[in-house]
Amino acid sequence: VQLAAYGGGLVQAGGLLRLSCAASGRPVSDYNMGWFRQAPGKERDFVAAISKSGGSTYYSDSTKGRFTISRDNAKSTVYLQINSLKPEDTAVYYCAASRVKYRPFSPVDYWGKGTLVTVSS
């Protein structure tokens, strides 16, 4: 499956953003889907995951409460809504697919190209 994240950009602190991840090549419903982010100079960190049907979600402790992951299998798209953006949310955000597990999200079978989110203070 091919994944492509989009929707990033420059936003002010306190604002909101919705990232999208478009999937193609195979039915996205075959995969648990997740979001990761990589801040400048740091490792890639898990953000959120959603089960194949969309019925269950899982968040990292640092993103719980402000981030919401969702999916629309009919549109082959996964979303990440980020509210009350903070400068420390600045990162490249990647979507990923896993056939096996969403909690924890592993193993990652496919990575998508990332989208840059920059939050200004």
Side-chain angles (χ1 to χ4, degrees):
V1 64
Q2 290 79 46
L3 305 173
Y6 60 96
L10 175 63
V11 294
Q12 287 190 331
L16 61 86
L17 205 60
R18 188 174 82 157
L19 306 181
S20 300
C21 174
S24 61
R26 293 186 64 88
V28 72
S29 54
D30 287 349
Y31 298 90
N32 303 296
M33 297 297 294
W35 286 94
F36 290 72
R37 66 182 179 181
Q38 187 166 18
K42 297 189 177 181
E43 294 185 350
R44 191 174 299 187
D45 291 329
F46 169 77
V47 171
I50 188 166
S51 61
K52 295 176 184 179
S53 68
S56 298
T57 56
Y58 171 52
Y59 298 90
S60 69
D61 289 341
S62 63
T63 60
K64 199 177 302 181
R66 294 191 298 117
F67 289 57
T68 304
I69 188 171
S70 61
R71 67 190 297 162
D72 185 337
N73 287 342
K75 294 183 178 180
S76 297
T77 303
V78 181
Y79 306 98
L80 184 70
Q81 174 89 17
I82 312 173
N83 297 325
S84 302
L85 280 154
K86 303 177 181 180
E88 50 264 42
D89 294 323
T90 295
V92 177
Y93 285 73
Y94 299 90
C95 57
S98 174
R99 276 190 174 270
V100 178
K101 293 196 296 183
Y102 80 97
R103 184 171 186 167
F105 188 80
S106 73
V108 175
D109 296 309
Y110 300 99
W111 288 101
K113 291 184 179 180
T115 185
L116 176 63
V117 173
T118 303
V119 184
S120 63
S121 57

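Below, each value reflects all heavy atoms present in this structure, side chains not excepted, and no hydrogens, waters or symmetry copies. Counting begins at 1 with the first residue of the sequence.
Contact annotation: the side chain of Y59 approaches that of T68 to within less than 4.5 Å [non-hydrogen atoms, C-beta and beyond]. Proximity of S56 to R103: side-chain heavy atoms (C-beta onward) are nowhere separated by under 4.5 Å. At a threshold of 4.5 Å between non-hydrogen side-chain atoms, the residues D30 and K52 do not count as touching. Considering only heavy atoms from C-beta on, S106 stays 4.5 Å or farther from S98 through its side chain. Counting heavy atoms from C-beta outward, Y79 and D72 have side chains that approach closer than 4.5 Å. Between V28 and V1, the closest side-chain pair of non-hydrogen atoms is not below 4.5 Å.
With rounding to the nearest 0.5 angstrom, the NZ atom of K64 is 8.0 Å from the OH atom of Y58. With rounding to the nearest 0.5 angstrom, the CZ atom of R66 is 11.5 Å from the CG atom of L16. The distance from atom OG of S76 to atom OH of Y31, rounded to the nearest 0.5 Å, is 11.5 Å. In this structure, CD1 in I69 is found 12.5 Å from CD in Q81, a value given to the nearest 0.5 Å.
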Donor-acceptor contacts under 3.5 Å from residues 109-121 side chains, at least two apart:
unit_1, atom_1, unit_2, atom_2, d
D109, OD2, R99, N, 2.7
T115, OG1, G8, N, 3.0
S120, OG, V11, O, 3.4

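No donor-acceptor pair under 3.5 Å is formed between the side chain of S29 and the backbone N or O of N73.
A pairwise comparison of heavy atoms in S53 and R71 identifies C-CD, 4.3 Å as the closest pair. Residue A22 comes nearest to T77 through the heavy atom pair CA-OG1, 4.4 Å, listed as atom of the first residue, atom of the second, then distance. Across all their heavy atoms, L3 and A97 have their closest contact at CD1-N, 3.8 Å.
Residue pairs meeting the side-chain hydrogen bond (donor to acceptor under 3.5 Å, both in side chains) criterion with at least one partner in residues 37-46, sequence neighbours excluded, are R37-D89, R37-Y93.
Linking Ile, Leu, Val, Met, Phe, Trp and Tyr residues whenever their side-chain heavy atoms come within less than 4.5 Å leaves V78 and Y94 in two separate clusters.
Applying the side chain to side chain contact (heavy atoms under 4.5 Å, CB included) test between S60 and each of F36, F105, W35, F46 identifies F46 as the sole match.
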